[in-house]
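Heads up: the structure comes next, in C-alpha cells.
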Amino acid sequence: MKVMLCVILGYTFGCLQTSYILVKRFMDTDVRSGGSGNAGTMNTFLNFNKTLGATVLFSDMLKTIIPCILSTIIFPNIDTDIVISYCSLGVILGHCFPFWLGFRGGKGVAVAAAFALTLDFRVFFVSVIVAGLFGLILRSATYSSYTFAIMVFVCVAVFGYSSAVLLCVLIESLIIVLLHLRKSRKVSQA
C-alpha cells in the first residue's frame with residue numbers, strides 16, 4: 001500500500017506539465033503543436049524558446065526530486081532506494097501520460113535524469129557521459145535518449161540495486177525507448 005502511495009504521489013507531481021503551461025502562457029500555443037509533438041523539455045528547447053526549454057528542464061527535474069525526497073520523509077521505514085524508485089516511476093507515468101492532457105505528455109528523459117541523480121550520482125554521471133558521447137558520435141538526440149535510458153538500467157544492475165529498484169528502472173527505460181520509437185516511426189511514415 002505504501003509503495004502505491006509513492007507511485008500516486010509521483011504521478012501527481014509528474015502531471016505538472018511545465019512545458020505545456022509555460023509555452024501556453026508565454027507563447028500562447030500548445031507545445032505539442034510543433035516539433036516532435038510532445039510536451040517535453042527537448043521539444044520546448046529546440047522548437048519554441050531556449051530560455052523556456054531550460055526552465056522546463058529545471059522544473060521537470062524538480063518535479064521528480066521533490067516528491068522523491070517527500071516520499072523518503074513520509075515513509076522512513078521503507079528502504080530509501082525503493083521509495084525513490086517507485087515515486088519516480090509515478091513521476092514518469094504522470095509526465096508521459098498526464099490525464100488532463102489526454103495522456104499526451106513528454107518522453108521522460110529529463111525526469112529519468114532527475115531520478116538517476118536522486119538515486120545515485122554514479123548512475124547519473126555514467127549514463128549522461130555515455131549518452132552524451134553516443135549523441136555526439138551519431139549526431140542524434142534520439143539515440144542519445146535511447147542510450148541514456150538503457151544506461152540507467154545497466155548502471156542500476158551493475159551497482160547491485162535490489163530487484164524492486166531494477167523493475168522500476170526497467171519500466172521507466174522501456175517507456176522512454178518506446179515513446180521515442182513511436183515518435184520516430186511517425187516521423188518516418190510522414
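These figures come from a predicted structure and were not determined experimentally. Here, residue 1 is the first one in the sequence, and each next residue gets the next number.
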Are [X] and [Y] connected in the hydrophobic side-chain network, where two residues link if heavy atoms are under 4.5 Å apart?
| X | Y | result |
| --- | --- | --- |
| Ile171 | Val156 | yes |
| Ile82 | Ile8 | no |
| Val128 | Leu57 | yes |
| Ile175 | Phe99 | yes |
| Leu136 | Val109 | no |

Is there a side-chain contact between [X] and [Y], using heavy atoms and a 4.5 Å cut-off?
| X | Y | value |
| --- | --- | --- |
| Asn43 | Phe48 | yes |
| Phe148 | Val130 | no |
| Gln17 | Leu101 | yes |

>> Whether Lys63 engages the ring of Phe13 as a cation-pi pair (distance to the six-membered ring centre under 6.0 angstrom, angle to the ring normal within 45°) should be assessed.
In response: no

> Cationic tip of Arg122 within the cone over Phe159's six-membered ring, i.e. under 6.0 Å and within 45° of the normal?
Replying inline: yes

Sub-3.5 Å donor-acceptor pair from the side chain of [X] to the main-chain atoms of [Y], do we have one?
| X | Y | answer |
| --- | --- | --- |
| Ser127 | Val152 | yes |
| His180 | Ile176 | yes |
| Ser173 | Ala149 | yes |
| Glu172 | Ala112 | no |

Kindly compute the distance separating [atom1] ([X]) from [atom2] ([Y]), expressed to the nearest 0.5 Å.
| X | Y | atom1 | atom2 | value |
| --- | --- | --- | --- | --- |
| Cys15 | Trp100 | SG | CH2 | 8.5 Å |
| Thr147 | Ile129 | OG1 | CD1 | 13.5 Å |
| Tyr161 | Leu166 | OH | CG | 11.5 Å |
| Leu5 | Ile78 | CG | CD1 | 9.0 Å |
| Ile150 | Phe134 | CD1 | CZ | 8.5 Å |
| Ile66 | Ser71 | CD1 | OG | 12.0 Å |

> According to the interplanar angle, ranging from 0 to 90°, do the rings of Phe121 and Phe124 count as parallel (below 30°), tilted (30 to 60°) or perpendicular (above 60°)?
Replying inline: tilted

Looking at every heavy atom in both [X] and [Y], which two are closest together, and how far apart are they?
| X | Y | value |
| --- | --- | --- |
| Thr64 | Ser88 | CG2-CB, 4.4 Å |
| Leu119 | Ser85 | CD1-OG, 4.3 Å |
| Pro67 | Leu62 | CD-O, 4.0 Å |
| Asn49 | Leu52 | OD1-N, 3.0 Å |
| Val83 | Cys6 | CG1-SG, 3.8 Å |
| Leu179 | Gly106 | CD1-O, 3.7 Å |

>> Taking side chain to side chain contact (heavy atoms under 4.5 Å, CB included) as the definition, give me every residue that meets it alongside Met42, ordered by chain and number, with sequence neighbours left out.
In response: Leu46

>> Between Phe115 and Ile84, is the side-chain contact (heavy atoms from CB on, under 4.5 Å) condition met? List the steps.
In response: CA-CA 8 Å; Phe115 159 68; Ile84 289 171; 4.0 Å; yes

>> Assess the residue pair Thr55 and Thr44 against the criterion (side-chain contact (heavy atoms from CB on, under 4.5 Å)); give the C-alpha distance rounded to whole Å, side-chain angles, the decisive distance to 0.1 Å, and a yes or no.
In response: CA-CA 10 Å; Thr55 305; Thr44 306; over 6 Å; no

Do any side-chain atoms of residues 18-31 form donor-acceptor pairs under 3.5 angstrom with protein atoms, and if so which ones, sequence neighbours left out?
| residue | atom | partner | partner atom | Å |
| --- | --- | --- | --- | --- |
| Thr18 | OG1 | Asp60 | OD1 | 3.0 |
| Ser19 | OG | Ala39 | O | 3.0 |
| Ser19 | OG | Gly40 | N | 3.4 |
| Thr29 | OG1 | Ser33 | OG | 3.3 |
| Asp30 | OD1 | Arg32 | N | 2.9 |
| Asp30 | OD1 | Arg32 | NE | 3.1 |
| Asp30 | OD2 | Arg32 | NE | 3.3 |
| Asp30 | OD2 | Arg32 | NH2 | 2.8 |

